[in-house]
Amino acid sequence: MTGTTNLRNLLIMSLSAMALAACGGGASEVASPGEGAFPPSNGGGSGGGSGGGSGGSGSAASDCPTGFTNVGTIANNTLRNCQLPAKITGNLVVPLRSGTIYSISGRVDVGDDMGGDAAAPKAGAVKGTLTIEPGVKLFGSAGLDYIVVNRGSQIYAEGTSAQPIVFTSRQSVEGTTGVDSIGQWGGLVVLGRAPISNCPGTTAPGTANCEAQVEGTNAFYGGNSATDNSGVMKYVRVQHSGFQILPNNELNGITFAGVGSGTLLDYIQVHNSSDDGIEWFGGTVNAKHLVLTGNDDDSMDTDVGFNGAIQFAIVVQRANGGDRGNEASGSNRTPASNPKFANVTMVGRGSSDVIVMNSGTNNVFANSVFTASGTTAACLDIDDTNTTGSFNSVFFSCPVAFRDDSNVGATATQAIFAAGANNTANGTSTLTSTFINGANENAVPAANLTSISSFFTNTTYIGSVRNSSDTWWQGWTCGLTSGSSC
């Protein structure tokens with residue numbers, strides 16, 4: 001790697017060590033931004049509770065499963081706190097057990113980094129698999145508590161609508177979180193060997209040596225396998241996460257970096273991340289049924305050659321914070337980012353523009369709804385002449401349709417939008433319950449989606465939720481309706 005990269009690695013590791021030392025011994029006692037220090041944990045663990053509410057209501061289990069460290073009880077002695085190991089090799093199963101909660105203390109690595117060559121893993125590197133049963137809850141106590149699934153390893157987190165898998169914060173378990181509670185633990189980082197565009201030097205994208213260091217920690221992603229498989233995440237909720245390591249270098253709710261199309265992502269919510277909800281760095285992974293709520297930066301951020309498809313997504317920014325619904329970036333190298341979005345509903349609530357396409361990206365939007373409140377937010381801002389997009393059956397309802405700035409003006413942006421079919425630039429939103437289609441949205445003819453991506457399912461409507469009978473988001477999410485807190 002280059003000298004700049006090595007310096008960056010050293011700086012991140014040094015800063016992490018300083019943060020740990022300043023708090024007197026371990027990630028479980030590092031305060032997240034805006035919070036005081038946590039009380040010392042008993043038995044060297046990271047504290048916590050049930051990970052999805054206000055703790056347990058019964059009796060704590062008497063012990064922990066094999067492979068976990070028993071660090072005592074929490075939530076008024078109603079839950080046994082079983083701590084994940086710092087490194088997972090082989091297959092570690094996280095079982096659903098009465099009176100048991102699982103804690104993330106510091107960085108938890110799933111496997112070693114096996115390198116970017118899927119056919120020839122690094123000598124001596126060991127694979128890990130993290131398997132989480134439906135209904136399991138896990139928590140972190142501070143910003144440096146997070147999970148990294150390294151290249152060549154896998155996570156199988158397969159919940160159900162009735163029993164989602166929940167990753168949350170200690171404060172959430174203790175019942176002290178509110179509508180603006182963010183940044184209370186790190187998050188999930190999944191790394192794969194799919195192509196990226198930000199290669200070192202003159203290295204060609206799509207080769208084993210085209211790799212980069214991921215945001216937020218010292219780990220690498222990218223490689224030569226577009227179909228790389230990092231596992232399955234289904235019916236998963238991640239909440240109150242995100243942490244800034246350095247300016248412009250943060251842990252997101254979930255980071256997918258160089259993740260390949262062999263990975264299955266379906267029914268995933270990220271709620272109240274202090275940075276992005278989900279950020280994709282390159283890769284080819286696809287996803288359906290995403291819910292992004294209350295995130296403090298961008299809800300969906302695509303970067304450095306991401307070439308996946310996303311269908312059925314509800315995006316609602318927090319009223320008291322939040323930036324863009326979608327920020328799209330790339331680089332001036334090939335492959336350009338080419339994210340494809342269908343049946344997305346994005347609801348902006350602040351002054352930030354809903355879609356911002358920065359540089360080196362070619363976004364595709366179809367059958368989607370974008371709206372914003374306030375008086376200044378635009379639905380679409382394009383910031384670079386090296387950036388373009390296509391829009392078909394897209395409904396805009398914002399105070400400003402197209403951002404007029406010194407990069408790409410409103411006239412040029414409007415021309416790109418108008419080149420597609422059945423688009424509405426200055427519509428009137430009739431959404432009900434924040435994100436459910438009304439008469440105006442359902443009056444827009446739907447585009448044919450399979451010509452855009454074979455991953456897409458053709459629909460007869462635009463937006464993520466057609467009507468009140470369209471209930472794919474119910475049962476496993478939180479914070480979308482009044483009375484549903486996270």
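Because the structure is predicted, anything quoted here is derived from the model rather than measured.
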With a 3.5 Å distance limit and no angle check, can you tell me whether [X] reaches the backbone of [Y] through a side-chain donor-acceptor pair?
| X | Y | result |
| --- | --- | --- |
| Thr176 | Gln171 | yes |
| Asn458 | Leu449 | yes |
| Ser225 | Ala118 | no |
| Asn81 | Gly72 | no |
| Asn249 | Ile245 | no |
| Thr263 | Gly260 | yes |
| Ser261 | Ala226 | yes |
| Thr217 | Ala219 | no |
| Gln317 | Asp323 | yes |
| Ser241 | Gly187 | no |

Looking only at the aromatic ring of each residue, does the gap between the centers of [Y] and [X] stay below 6.0 angstrom?
| X | Y | answer |
| --- | --- | --- |
| Tyr102 | Phe68 | yes |
| Trp473 | Tyr267 | no |
| Phe243 | Trp185 | no |

Can you find a heavy atom in the side chain of [X] that is under 4.5 Å from one in the side chain of [Y]?
| X | Y | answer |
| --- | --- | --- |
| Arg318 | Ile182 | yes |
| Phe220 | Val214 | no |
| His240 | Cys486 | yes |
| Val189 | Val149 | no |
| Pro65 | Cys82 | yes |
| Val291 | Ile268 | no |
| Trp472 | Gln474 | no |
| Ile104 | Tyr146 | no |

Does one side chain, of [X] or [Y], offer a donor that lies under 3.5 Å from an acceptor on the other?
| X | Y | result |
| --- | --- | --- |
| Asn358 | Glu327 | yes |
| Asn252 | Glu279 | yes |
| Thr284 | Asn307 | no |
| Ser299 | Arg324 | no |
| Ser464 | Thr345 | yes |
| Gln83 | Thr69 | no |
| Thr361 | Asn363 | yes |
| Glu215 | Thr255 | no |
| Ser153 | Asn150 | no |

Which of these, Asp303, Asn295, Asp298, Leu251, sits in a side-chain contact (heavy atoms from CB on, under 4.5 Å) with Asp276? Asp298

Picking from Ile254, Thr293, Val238, Leu292, what satisfies side-chain contact (heavy atoms from CB on, under 4.5 Å) with Gln269?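 Single side-chain contact (heavy atoms from CB on, under 4.5 Å) partner of Gln269 among Ile254, Thr293, Val238, Leu292: Thr293.
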
Heavy-atom closest contact ([X] atom, [Y] atom, distance):
| X | Y | answer |
| --- | --- | --- |
| Gly277 | Ser273 | CA-CB, 4.3 Å |
| Ser98 | Ala61 | O-CB, 3.6 Å |
| Ala208 | Asp117 | CB-CB, 3.6 Å |
| Ser337 | Gly305 | OG-N, 2.9 Å |
| Pro205 | Ile196 | CB-O, 3.3 Å |
| Ala287 | Phe455 | O-CE2, 3.4 Å |

Give, for atom [atom1] of [X] and atom [atom2] of [Y], the distance between the pair rounded to the nearest 0.5 Å.
| X | Y | atom1 | atom2 | value |
| --- | --- | --- | --- | --- |
| Ile165 | Trp476 | CD1 | CH2 | 12.0 Å |
| Phe341 | Phe456 | CZ | CZ | 9.0 Å |
| Arg237 | Cys478 | CZ | SG | 4.0 Å |
| Met346 | Ile314 | CE | CD1 | 12.0 Å |
| Leu265 | Trp280 | CG | CH2 | 8.5 Å |
| Leu92 | Leu84 | CG | CG | 6.0 Å |

Of Thr457, Asp266, Asn343, the residue whose pairing with Lys288 passes side-chain hydrogen bond (donor to acceptor under 3.5 Å, both in side chains):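 Exactly one option meets the side-chain hydrogen bond (donor to acceptor under 3.5 Å, both in side chains) with Lys288, and it is Thr457.
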
For Arg80, the option from Thr100, Asn70, Asp63 that meets side-chain hydrogen bond (donor to acceptor under 3.5 Å, both in side chains): Asn70

Just wondering, more than 12 heavy atoms not from Asn91 lying within 6.0 Å of its CG?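 Yes - once you tally the heavy atoms of other residues, nucleotides and ligands closer than 6.0 Å, there are more than 12.
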
Going through the checks in order, is the side chain to side chain contact (heavy atoms under 4.5 Å, CB included) test met by Phe306 and Asn338? CA-CA 6 Å; Phe306 173 63; Asn338 184 215; over 6 Å; no

Do Asn326 and Phe365 pass the side chain to side chain contact (heavy atoms under 4.5 Å, CB included) test, and can you show the C-alpha distance, the side-chain angles, and the key distance before you say yes or no? CA-CA 11 Å; Asn326 170 226; Phe365 295 96; 3.6 Å; yes

Working note: Ser169 + Gln239, criterion side chain to side chain contact (heavy atoms under 4.5 Å, CB included); need CA distance, chi angles, decisive distance, verdict. CA-CA 7 Å; Ser169 68; Gln239 53 198 49; over 6 Å; no

Given side chain to side chain contact (heavy atoms under 4.5 Å, CB included), test Ser230 with Leu191 step by step and report yes or no. CA-CA 7 Å; Ser230 294; Leu191 309 173; over 6 Å; no

Tell me which one of Lys122, Lys87, Lys127, Arg151 satisfies salt bridge (Lys or Arg N to Asp or Glu O under 4.0 Å) with Asp112.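 Of the listed residues Lys122, Lys87, Lys127, Arg151, the salt bridge (Lys or Arg N to Asp or Glu O under 4.0 Å) partner of Asp112 is Lys87.
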
Name the orientation class of the two ring planes belonging to Phe312 and His289 (parallel below 30°, tilted from 30 to 60°, perpendicular beyond 60°).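 The rings of Phe312 and His289 lie parallel, inter-plane angle below 30°.
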
